[in-house]
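Right, one structure below, let's go through it.
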Amino acid sequence: MTLPVPDWLKEMVSRNKAALRSVPALNAQQALERGALHTVCHAAKCPNRGECFSCGDATFMVLGDRCTRGCRFCAVSREKPLAPDATEPQRLARAVQSWQIRYAVLTMPTRDDLPDGGAAHFARVIEAIHATSPHVRIEPLISDLRGNTQALHTVLKARPDVLAHNIETVESLYPFVRVGADYSRTLTLLENSKKLAPGIFTKSGFMVGLGETDAQVRVLMHDLRAVGVDLLTIGQYLAPSANHYPVASYPLPEQYKVWEEYAFSIGFKAVASGPLVRSSYRAGALYQKACLQSVGEKICTDKV
């Protein structure tokens, strides 16, 4: 039986969809089409894409829009991926420059078909943006790279400002929701990022409404803090279709505030928590909040 979406959430989604008809949003869409670029905004059917496109922001999807895994919560297509496009780094760098973006979020589908998970190509994209727009801050939201530490090092050597990787859900739900992923592997990747590049923020995010308990949510947050994660996002799971994992609950907006306060109490530097929050939502603003909490640390220095 499908759990009905509450009216208050329908209204929130409706307001954001209306923004897709704005002139800035239409211009953004045309620019994406001209550059033959993919965004996770469309691939994952993000409910915030109208709001973000209206601001001229988007989260670019590197290495195509086909994933080698089949997580039951995700709308990204599971098909045989195409080979990496050698022209993509420059095309994406030009798009970032022409949009005058100050904070670029780059994500990727899982590419288990590539020996390094696509890390070298991803690094080339970051380097291309640095070359054309040295003032732009960059946040790569990467896959687990199958636990390949050398591949992670390749991404970090490209000097991003934040290394993001989503844990997505509590440990007990992994066998049902995250096919091919591993809870411990995700934590290890985030921990290794801190070891390899302690001056780079780490970030993770998870969904609620999949059947987790409040106690499990708190354990999850503690697990992320134990490996040094700095930035956190929490949002409502919305099933992309009837064939995806079913929604088990719709926590009220007040509950997100409770989780946010708890996250701050255990040491997260910046938290975005709300029904329509997604991992890249207002990413630049979240980064700035973390910087304000990092006074005295060798981090968040001004770009050249």
Side-chain angles (χ1 to χ4, degrees), residues 8-9 11-13 15-16 19 39-41 44-60 73-74 101-107 137-142 160-170 186 190 193 200-210 212 214 216-225 227-238 249-294 299-300:
W8 59 264
L9 186 54
E11 290 174 7
M12 292 177 72
V13 173
R15 286 196 298 270
N16 279 12
T39 68
V40 74
C41 318
K45 300 182 180 179
C46 178
N48 297 313
R49 61 188 185 275
E51 177 184 351
C52 294
F53 280 1
S54 293
C55 298
D57 296 337
T59 298
F60 295 100
F73 68 87
C74 187
I101 289 173
R102 297 186 62 82
Y103 194 96
V105 181
L106 312 172
T107 188
R137 296 199 180 274
I138 304 173
E139 178 182 310
L141 173 57
I142 64 172
D161 296 278
V162 176
L163 191 287
H165 174 59
N166 287 337
I167 199 162
E168 304 293 11
T169 188
V170 299
T186 282
L190 292 164
S193 180
I200 295 176
F201 282 137
T202 49
K203 177 179 178 181
S204 194
F206 64 91
M207 304 167 288
V208 293
L210 289 155
E212 69 291 326
D214 180 66
Q216 289 174 322
V217 167
R218 291 169 187 256
V219 168
L220 170 56
M221 286 193 270
H222 274 282
D223 288 345
L224 290 173
R225 278 302 300 144
V227 296
V229 172
D230 304 292
L231 291 79
L232 179 68
T233 61
I234 309 170
Q236 170 70 53
Y237 168 60
L238 297 173
S249 66
Y250 292 101
L252 294 172
E254 306 89 83
Q255 181 59 51
Y256 291 90
K257 185 63 176 177
V258 172
W259 286 323
E260 178 181 315
E261 291 174 350
Y262 185 76
F264 277 122
S265 76
I266 62 173
F268 284 99
K269 290 182 170 68
V271 183
S273 179
L276 294 188
V277 167
R278 295 298 180 264
S279 53
S280 57
Y281 181 66
R282 301 286 178 87
L286 200 65
Y287 171 81
Q288 290 300 328
K289 288 180 181 178
C291 287
L292 292 174
Q293 298 298 318
S294 304
I299 201 164
C300 299

* To do: Could you pull out the closest heavy-atom pair between I200 and L163, with the gap in Å?
  => CG2-N, 3.7 Å

Can I get a per-line list of side-chain donor-acceptor pairs under 3.5 Å for residues 250-263, giving both atom names and the distance, sequence neighbours left out?
| unit_1 | atom_1 | unit_2 | atom_2 | d |
| --- | --- | --- | --- | --- |
| Y256 | OH | Q236 | OE1 | 3.4 |
| W259 | NE1 | D214 | OD1 | 2.8 |
| Y262 | OH | H222 | NE2 | 2.5 |

* **Distance (rounded to the nearest 0.5 Å) between F264 CZ and Q293 CD** => 7.0 Å

* Please report the C-alpha distance between F206 and I234 in whole Å, then the side-chain angles of each, then the deciding distance to 0.1 Å, and finally whether the side-chain contact (heavy atoms from CB on, under 4.5 Å) criterion is met. => CA-CA 5 Å; F206 64 91; I234 309 170; 3.6 Å; yes

* Student check: side-chain heavy atoms of T186 and L190 closer than 4.5 Å -> yes

* Test side-chain hydrogen bond (donor to acceptor under 3.5 Å, both in side chains) applied to S204 - qualifying residues, sequence neighbours left out -> none

* Looking at residues at least two apart in the chain, or sitting in another chain, which of them share a salt bridge (charged side-chain N to carboxylate O under 4.0 Å, His left out) with E168? -> none

* Structure fact -> In terms of heavy-atom contacts, A270 and A290 come closest through CB-N, 3.8 Å

* Non-hydrogen atoms of A272 and L286 that approach each other most closely -> N-CD1, 3.8 Å

* Asked: Aromatic rings Y287 and Y103: how do their planes relate, parallel, tilted or perpendicular, breaks at 30° and 60°?
  -> tilted

* Asked: Can you list the residues that meet the side-chain contact (heavy atoms from CB on, under 4.5 Å) rule with A164, with sequence neighbours excluded?
  -> E139, L141, K203

* **Residue of the set T233, T107, N166 for which side chain to side chain donor-acceptor pair (under 3.5 Å) holds with S279** => N166

* Structure fact -> Sorted by chain and number, sequence neighbours left out, side-chain contact (heavy atoms from CB on, under 4.5 Å) with R102 holds for H135

* Asked: Given L238 and L276, is the side-chain contact (heavy atoms from CB on, under 4.5 Å) satisfied, shown in steps?
  -> CA-CA 9 Å; L238 297 173; L276 294 188; 4.2 Å; yes

* How far apart are the closest heavy atoms of W8 and P275, and which atoms are they? -> CZ3-CG, 3.7 Å

* For the student: nearest non-hydrogen atoms of M207 and E212, plus distance -> O-OE1, 4.2 Å

* **F268 and its side chain to side chain contact (heavy atoms under 4.5 Å, CB included) partner, picked from L224, L231, D230** => L224

